[in-house]
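Computation of the quantities below employed the complete heavy-atom set of this structure, encompassing side-chain atoms and omitting hydrogens, waters and symmetry-equivalent molecules. Whatever order the structure lists them in is the order used to number ligands and atoms, beginning at 1.
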Amino acid sequence: MLNIVIFGAPGSGKGTQSELLVEKYGVNHISTGDVLRAEIKNATSLGKVAQGYIEQGQLIPDDLMIDILASVLDGFKESKGVIFDGFPRTIAQAEALKKMLNGRGQEVTLMLDLEVPEDVLMDRLIKRGQQTGRADDNEETIKKRLHVYHTQTAPLIDWYKQEGKHHHIEGFGELEKIFGDICEAIEKKK
Ligand code: AMP
C-alpha cells in the first residue's frame, strides 16, 4: 500500500505531480481542493459553506474537512494506495489522517515536501488564474493563502519529520527532474 502525502505551498506543483504518480503507480488520488470545487459547482450545501472560505483564502474548518476526507477514502475499494493532495493542511488534520489510516491497518508511506521559492509561486498562481479563471488565483487571495500556508500548514513539516516520514523535494526546475526525484524517494521507501 502506497500512501503518499504530497505537500507544499499553493502553486508548488502538487496537482501536476499527483497526476504523474497516479499514472505510474495506479493509486487513487484525493485533491481536497478539487472535491470542494466540485461541490461548489454543483451548488451543494457543503459547496455553499466552502465557497466563503475559499474566496477568502481561508481553510475550511478541520471537522468538516476530516469528515469529507473520510467519506472519499471509504469510497476507495481494493485500492493500491492513495495520493493525498492538499490534505492535511493542519496538525489536527494530520493526526486525524494518521488515526484513519491506522484504523485500516495502514500508514502514510512518506510525505513529499515540494519546496518552491515564493516569487515563483506567486508568478505560477497568477498565470494559472489568468488561464483557468480560478476564483482564488488573484493577487490579493494568493497572498492570504500563502500566509495561511506559512502559519497553519508549514508546521506540518516538523510534524512529519518527527514521524520519520518527511522527504524534501526541490520543486523548482524541470518537471521531469522533479518527478524523477519524487520516484526515487518513493522507491527507497516502498
Ligand atoms: P487547493 O486546490 O488545494 O489549493 O485548495 C483550494 C482551497 O480549498 C484552499 O485555499 C482552502 O480554502 C480549501 N481547502 C482545500 N483543502 C483543504 C484542507 N485540507 N483543509 C482546509 N481547507 C482546504
Inset, instruction - Could you verify whether a donor N or O on one side chain and an acceptor N or O on the other, from Asn3 and Thr109, lie under 3.5 Å apart? - result: no

Inset, instruction - Taking Lys165 for its side chain and Val108 for its backbone only, find out whether a donor-acceptor pair lies under 3.5 Å. - result: yes

Inset, instruction - Spell out, as yes or no, whether a donor-acceptor pair under 3.5 Å connects the side chain of Lys14 to the backbone of Gly8. - result: yes

Legend entry - Atom NZ of Lys189: over 12 foreign heavy atoms under 6.0 Å: yes

Inset, instruction - Could you please provide the protein residues found below 4.0 Å of ligand 1 on a heavy-atom basis, arranged by chain and number? - result: Thr32, Gly33, Leu36, Arg37, Ile54, Gln58, Leu59, Ile60, Met65, Gly86, Phe87, Arg89, Gln93, Arg134, Asp136, Arg145

Inset, instruction - Using distance alone, with no hydrogens and no angle criterion, decide if Glu39 and Thr44 have a side-chain donor and acceptor under 3.5 Å apart. - result: yes

Inset, instruction - Can you establish whether the number of heavy atoms outside Asp74 located under 6.0 Å from its atom CG is more than 12? - result: yes

